[in-house]
Engineer: 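I have a structure here, written as structure tokens, and I will follow up with some questions on it.
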Number of protein chains: 2
Amino acid sequence: MARLAGRSTGTAPRSIDVARLAGVSQKTVSRVMNGEQYVSDHVRRRVLDAAAELGYRRNHAARALASGRARSIGVVTLGTALYGPASLLMGVERAVRDAGYALHVVNTMEGDAAGIAGAVDSLLDQGVDGIVISEPIDEEGDADLSRRVDVPVLVLGAPPQFAASRVVTAGIVSDQLARAATEHLLELGHTTVHHLAGPPRWYAARDRLEGWRATLAAYGRREPPVIPGDWSAASGYAAGRRLASDDSVTAVFAANDDMAIGLIRALLEAGRRVPEDVSVVGLDDIPVAAYVTPPLTTVRQPFDATAQDGLKHLVHAIEHPDANPIPVNDPPVELVVRASTAPPPHRTTPNHRRTSA
Amino acid sequence: MARLAGRSTGTAPRSIDVARLAGVSQKTVSRVMNGEQYVSDHVRRRVLDAAAELGYRRNHAARALASGRARSIGVVTLGTALYGPASLLMGVERAVRDAGYALHVVNTMEGDAAGIAGAVDSLLDQGVDGIVISEPIDEEGDADLSRRVDVPVLVLGAPPQFAASRVVTAGIVSDQLARAATEHLLELGHTTVHHLAGPPRWYAARDRLEGWRATLAAYGRREPPVIPGDWSAASGYAAGRRLASDDSVTAVFAANDDMAIGLIRALLEAGRRVPEDVSVVGLDDIPVAAYVTPPLTTVRQPFDATAQDGLKHLVHAIEHPDANPIPVNDPPVELVVRASTAPPPHRTTPNHRRTSA
DNA sequence: ATGAAAGCGCTAACAC
DNA sequence: GTGTTAGCGCTTTCAT
């Protein structure tokens, strides 16, 4: 409504005002503002000076309308401050800006009726040129996503089968993450590894579960029952209380650090030592992971690299609608070994520190 | 570029296409899409059906251009996944959407040359109707912010003196947060409270420092030297190592939970018990706070309420440019008492558990 | 309660 | 290199 005055009136300067002041045509101003060639340095300077003097700022809406491109990308995130999603969002923002686009953000709350489809819809209403879906969860309506979306979509954190028509890429490394964690525990000498999983509706949780399962299979180990969790430390704690009485549990891979911390707390309260009796590895490397007791062994995810790489592909798909998608390469995963993991207790005479459950 | 076909062509349906199909004028379609009155239910239905059949979706750019309002709000955040800023962002997103606006996000990295001013500028280029600055830090160029910004600005986390011309509100409660923490410790019987502060460039850090200082003064207690930190658990740990040898330290208020956890870790490693020897209170109530050892006493900030309330004011300022700002009321602060705080050790015979530093 | 005409401020062709 | 002419798809008046 109220805009900065070109001079003293209540209305914003337009390119034609700049043109008049610089003594050129409006189109020339447009050329200069867009950094096009075929403008003499001399004219360019005059235009820039005039623009600065007037406090000119080009009108985004008019640009978008005339060009048919909004130069913006929308991202759908979960409405949580969870470390993983939040970190990914920050990475996406940076990558989007580096690519010269603006970023629109829409949250989906878990249990939101509209869900991801609704979020995508509102982004489409805003006229974004591309969409990033970060850490998606299962929703009704996923299937018809591809039918309704006419812009490229980047899905971060979903397995390839989510991909549809213009859904171009999915750059995530969750199965590697789980493998790194599980292998670490196995190499330490544990006969098997329990898994404290995330909510099954999350692709990230399922990926981790599958990675754990595959690793166990590759080592020829028996697969213990999956322990359900919901990412929260509270769910890790609840799991820990149940597990504490089971002496056969010597190693647990928790699908994120919060659950790992809750788990450890319950174990400790029950008199089980970590890592002497039970080893625990988390996933994320949240800021406090190195400072809890005991410092947490965990797997770090390259959020920035994932976001950047994925966005490169999305922008490519936006700007070259007919080109084939370029392959995505998984960024490296990093195992951070700290003090919550160790070899299993008395390997030769298992199971008699206390009467087994 | 490529848009969903109205039918089978490569171009999106426009309101006039809907109008033709419904047998009404284009203006009537506009009325229906905007939920205006003075449209008979009968016509409304026909238009809605036609729009649905065509897959019509109104063009945001054209709307913004014609109306002069983009119906979007921009938010400037720090490029971190820190719990506080991330939570605030989520709250802002929800509030923005509830108000019927779209959300543009721009990060400022700490040490970013352009800084907040640059971020605000890019938001202005995008034509936002209002701006939210979340958890600002000191920057060069703050002063001229008001001179350059022609839309209302909501500053979350800054003291009133940041306010300038169209900077309408600042809804934050940091000094209350600090008071709640400090008072709790004092009421427990500690003669004074040390403060592990955040980086002084952050308004939030300074607010907490001032709140702590004021509370100490109100109780007539001596103010120990401020312990510098940078929000990170690592800085808390470093502080803890230095403090561990000083028996006069019996209570510490850390400006956030991460630092509190690092601090506790260092204290524990040095053989100081928490809370028996030293009480620690954090701030934020991060998800793992209840599950670290010992469970952390902390102060919870009402991010959602703060964001909602602030946004209400911002939207008001956007939609009623000439109205006076309505006063902001601070949302309630919540002290969460857990196991990291207790009365000081042997109150009657102070300072001889170990030789003082 | 509905319609016609006139832009919003820019980019896109195409001239010169 | 630079200018001219048309729109982009809506919202606004203002009629009716």
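Lettering follows sequence order; numbering is per chain, from 1.
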Engineer: Are any of the side-chain nitrogens in A:Arg14 or A:Asp17 under 4.0 Å away from the carboxylate oxygens of its partner?
Structural biologist: yes
Engineer: Report yes if a side-chain nitrogen or oxygen of A:Thr28 is closer than 4.0 Å to either non-bridging phosphate oxygen (OP1 or OP2) of D:dT2; otherwise report no.
Structural biologist: no
Engineer: Taking ring pair (Phe, Tyr, Trp, His ring centres under 6.0 Å) as the definition, give me every residue that meets it alongside B:His60, ordered by chain and number, with sequence neighbours left out.
Structural biologist: none
Engineer: Just the rounded figure in Å: distance from P of D:dG9 to CG of B:Asp17.
Structural biologist: 9 Å
Engineer: Decide salt bridge (Lys or Arg N to Asp or Glu O under 4.0 Å) for A:Asp98 and A:Arg94; before the verdict, give the C-alpha distance in whole Å, the side-chain angles of both, and the deciding distance to 0.1 Å.
Structural biologist: CA-CA 6 Å; A:Asp98 286 350; A:Arg94 188 182 327 209; over 6 Å; no
Engineer: May I have the step-by-step check of salt bridge (Lys or Arg N to Asp or Glu O under 4.0 Å) for B:Asp129 and B:Arg71, ending in yes or no?
Structural biologist: CA-CA 6 Å; B:Asp129 302 314; B:Arg71 288 166 189 81; over 6 Å; no
Engineer: Would you kindly give the CG-to-C1' distance between A:Leu65 and D:dT11, to the nearest whole Å?
Structural biologist: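 Those two atoms, CG and C1', are 12 Å apart.
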Engineer: Which heavy-atom pair separates B:Ala307 from B:Ala95 by the least distance, and what is that distance?
Structural biologist: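 Reported closest heavy-atom pair: O-CB, 4.1 Å.
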Engineer: Given C:dT2, is OP1 or OP2 found less than 4.0 Å from the side-chain N or O atoms of B:Ser40?
Structural biologist: yes
Engineer: Report the distance from atom OG of B:Ser30 to atom CZ of B:Arg58, rounding to the nearest 0.5 Å.
Structural biologist: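 CZ of B:Arg58 is found 8.5 Å from OG of B:Ser30.
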Engineer: Could you state the CZ-C1' distance from B:Arg46 to C:dT2, rounded to the nearest angstrom?
Structural biologist: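 Rounded to whole Å, this separation is 12 Å.
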Engineer: Can you check the B:Arg20 CZ to C:dA4 C1' distance for me, whole Å?
Structural biologist: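 Those two atoms, CZ and C1', are 15 Å apart.
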Engineer: Classify every nucleotide of nucleotides 10-16 of chain C by which part a protein heavy atom approaches to under 4.0 Å, writing B for the base, S for the sugar-phosphate alone and - for neither, in 5'-to-3' order.
Structural biologist: BBBB---
Engineer: Without decimals, in angstroms, what is the distance between B:Arg44 CZ and C:dA1 P?
Structural biologist: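 So the two atoms are 11 Å apart, to the nearest Å.
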